J.: 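Pasting in a structure now, in structure tokens, and then I'll have a few things to ask.
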Amino acid sequence: MLETAAGTLRMLAEPTRLHLLWQLAQGPQSVTELTAAAGVPRTVVSQHLAKLRLSGLVDTRKDGRRVIYSLHDGHLVRLIRETFNHADHRITGEPTHS
């Protein structure tokens with residue numbers, strides 16, 4: 001279990017991947033949408049999405065010629081959101097809470 005948890009956190013430890021996961025926490029998106037949001041080349045987005053897919057963090061489905069990406073489950077959605085909430089508290093100095 002520790003190795004699996006550490007593997008998930010390693011996937012989150014790269015800023016571009018974390019940004020893509022944050023975008024997907026808002027809902028399913030295509031590579032085109034993710035590329036526009038991330039502001040990096042499509043090839044970079046595709047490489048990161050492939051790693052996330054192979055690690056089991058994102059799922060894909062076809063919509064015509066487009067591939068739509070989504071987060072694998074609600075646990076990951078909550079983990080991403082809490083990660084950003086934690087970062088926001090650290091940056092703004094907002095008091096911590098349980």
Side-chain angles (χ1 to χ4, degrees):
M1 190 173 316
L2 289 172
E3 280 303 315
T4 300
T8 297
L9 293 174
R10 277 191 295 274
M11 286 288 105
L12 272 63
E14 201 287 324
T16 300
R17 280 196 299 267
L18 186 57
H19 188 189
L20 295 172
L21 291 167
W22 171 252
Q23 292 300 317
L24 292 173
Q26 314 313 309
Q29 296 185 42
S30 69
V31 175
T32 302
E33 293 166 320
L34 290 167
T35 299
V40 296
R42 186 181 184 95
T43 54
V44 172
V45 170
S46 293
Q47 289 170 356
H48 283 297
L49 289 171
K51 288 179 183 180
L52 292 168
R53 186 177 51 77
L54 289 173
S55 69
L57 299 183
V58 299
D59 296 324
T60 61
R61 69 176 167 80
K62 291 287 253 174
D63 181 23
R65 293 177 50 198
R66 297 183 326 149
V67 176
I68 305 298
Y69 288 82
S70 61
L71 293 182
H72 181 68
D73 61 35
H75 294 289
L76 191 53
V77 171
R78 290 187 297 279
L79 177 61
I80 299 300
R81 288 183 179 159
E82 284 300 318
T83 300
F84 274 82
N85 286 336
H86 175 72
D88 182 57
H89 281 220
R90 298 229 17 204
I91 291 168
T92 64
E94 188 173 331
T96 60
H97 53 83
S98 340

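Just so it is clear, the values below take in all heavy atoms, side chains as well, and ignore hydrogens, waters and symmetry mates. Keep in mind that what you see is a predicted model, and the values were worked out from it rather than measured.
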J.: Can you measure from NE2 (His72) to CG (Leu57) and round to the nearest 0.5 angstrom?
T.: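 Going from the NE2 atom of His72 to the CG atom of Leu57 covers 9.0 Å.
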J.: In a table with atom names and distances, give each donor-acceptor pair under 3.5 Å that connects a side chain of residues 12-22 to protein atoms at least two apart or in another chain.
T.:
residue	atom	partner	partner atom	Å
Glu14	OE1	Thr16	N	2.8
Glu14	OE1	Arg17	N	2.8
Arg17	NE	Met11	O	3.1
Arg17	NH1	His48	ND1	3.4
His19	NE2	Gln23	NE2	3.2

J.: With sequence neighbours excluded, what pairs up with Asp73 under the side-chain contact (heavy atoms from CB on, under 4.5 Å) test?
T.: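 Checked Asp73 against side-chain contact (heavy atoms from CB on, under 4.5 Å); matches are His75, Leu76.
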J.: If you define the side chain from C-beta out and look only at heavy atoms, does anything of Ile68 sit under 4.5 Å from Gln29?
T.: no
J.: Using residues 34-47 as the side-chain source, report each donor-acceptor pair under 3.5 Å to any protein atom, sequence neighbours left out, with the distance given to one decimal.
T.:
residue	atom	partner	partner atom	Å
Thr35	OG1	Val31	O	2.8
Arg42	NH1	Thr32	OG1	3.1
Ser46	OG	Arg42	O	3.1

J.: Holding to salt bridge (charged side-chain N to carboxylate O under 4.0 Å, His left out), I want the full list of residues that pass it with Arg66, two or more places apart in sequence or in another chain.
T.: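 With sequence neighbours excluded, Arg66 shows a salt bridge (charged side-chain N to carboxylate O under 4.0 Å, His left out) to Asp63, given in chain and number order.
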J.: Is there side-chain contact between Ile80 and Leu24, with heavy atoms separated by less than 4.5 Å?
T.: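 In short, these two side chains do not touch, never coming nearer than 4.5 Å.
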J.: By the rule that ILVMFWY residues connect when side-chain heavy atoms come within less than 4.5 angstrom, directly or transitively, which residues belong alongside Leu54?
T.: none
J.: NE2/His86 to CD1/Ile91 distance, rounded to the nearest 0.5 angstrom?
T.: 10.0 Å
J.: Do Leu9 and Val77 land in one hydrophobic cluster if side-chain heavy atoms of ILVMFWY residues count as linked below 4.5 Å?
T.: no
J.: Listed by chain and number, what are the ring-ring contact (aromatic ring centres under 6.0 Å, His included) partners of His89, not counting sequence neighbours?
T.: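 Partners of His89 by the ring-ring contact (aromatic ring centres under 6.0 Å, His included) criterion, ordered by chain and then number, come out as His97.
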